[in-house]
Amino acid sequence: MLGLDPHRLWADMNRLLALLFHQGVLDEQFLQLQQLQDESSPNFVSEVVNIYFYESDKLLRNLRNLLTDREFSDYKKMGSHLNQFMGSSSSIGAKRVRNVCVAFRAASEQNNRAGCLRALQLLEHEYCYLKDKMHELFHIEQQRVLAAGVRYPIAQNN
């Protein structure tokens, strides 16, 4: 960890966030989430996002299981899972994931299995991209916090 410049790491975080906003991966809700983080809860954003990932992994598994069942016909249950996914994605500012959920729900409301399968594939892609970028962001943030906390004693000339 020695030699890491907290200012460079801060700039790296800001560049990554700017990219994610430019790509439409995140929206202003993520900024609002960041504003809730303070000294009393320094890991608030990463904790909330990790809970989102944990719950979303289960929702994706449920959606995949529903669609791979040959006897599948419960589009209402799928819609319920998608509503949960949309809501939690909105709450952390995961804009592209939420948008794919909206399209996925439209396909499920039309009982369009082929459309649902395509939407699931796209949802998994967007979700994995988001997860990868959020882990990258949190890793840089951890490095920045560590680098900022390192204090070297000033040599005294006697």
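Heads up: numbering here begins at 1 and tracks the sequence. Worth knowing before you read on, the calculation uses all heavy atoms, side chains too, and leaves out hydrogens, waters and symmetry mates. Source: prediction; values computed, not measured.
The CG atom of L26 lies 5.0 Å from the CG atom of L20; values are rounded to the nearest 0.5 Å. The distance from atom OG of S91 to atom CE of M86, rounded to the nearest 0.5 Å, is 12.5 Å. To the nearest 0.5 Å, the span separating CG on L67 from OG on S108 amounts to 9.0 Å. Atom CG of L130 sits about 5.5 Å away from atom CD1 of I92, to the nearest 0.5 Å. Note that the NZ atom of K77 and the CG atom of N62 stand 7.0 Å from one another [nearest 0.5 Å]. For the atom pair CZ (R15) and CZ (R8), the distance works out to 8.5 Å, reported to the nearest 0.5 Å.
Summarising the geometry of A107 relative to G115, their closest heavy-atom pair is CB-C, 3.8 Å, with the distance given to 0.1 Å.
A side-chain contact (heavy atoms from CB on, under 4.5 Å) with L9 is found for exactly one of E141, R144, H139, namely R144. Considering K95, R96, K131 in turn, R96 is the only one that fulfils the side chain to side chain donor-acceptor pair (under 3.5 Å) rule with E126. Screening D69, L120, L59, L117 against R64 for a side-chain contact (heavy atoms from CB on, under 4.5 Å) leaves a single residue, L120.
Using a distance-only test at 3.5 Å, with no hydrogens or angles considered, no donor-acceptor pair links the side chain of R98 to the main chain of G93. With hydrogens and angles disregarded, no donor-acceptor distance shorter than 3.5 Å links the side chain of S56 to the backbone of F53. Side-chain N or O atoms of N50 include one that pairs as donor or acceptor with a backbone N or O of S46 at under 3.5 Å.
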Begin from the C-alpha positions of F85 and F104 and carry the test side-chain contact (heavy atoms from CB on, under 4.5 Å) through to its verdict.
-> CA-CA 11 Å; F85 212 157; F104 194 158; over 6 Å; no

Mind running side-chain contact (heavy atoms from CB on, under 4.5 Å) on K133 and V25 for me, showing each step along the way?
-> CA-CA 9 Å; K133 292 303 178 187; V25 173; 5.8 Å; no

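Salt-bridge check for R61 with D57: failed, with every basic side-chain N at 4.0 Å or more from each acidic carboxylate O.
The hydrophobic side chain of I51 is isolated, with no ILVMFWY side chain under 4.5 Å apart from it.
Under the 4.5 Å side-chain criterion, counting only non-hydrogen atoms from C-beta, Q23 is in contact with Y129. Side-chain contact between H81 and L66 is present, with heavy atoms from C-beta onward closer than 4.5 Å.
Annotation: salt bridge (charged side-chain N to carboxylate O under 4.0 Å, His left out) contacts of K58 (sequence neighbours excluded): E55.
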For a quick test of your reading: what N or O donor-acceptor pairs under 3.5 Å do the side chains of residues 30-38 make, sequence neighbours left out?
| unit_1 | atom_1 | unit_2 | atom_2 | d |
| --- | --- | --- | --- | --- |
| Q37 | OE1 | F44 | N | 3.3 |
| Q37 | OE1 | V45 | N | 2.9 |
| Q37 | NE2 | P42 | O | 3.0 |
| D38 | OD1 | S40 | N | 3.0 |
| D38 | OD1 | S40 | OG | 2.6 |
| D38 | OD1 | S41 | N | 3.1 |
| D38 | OD1 | S41 | OG | 3.3 |

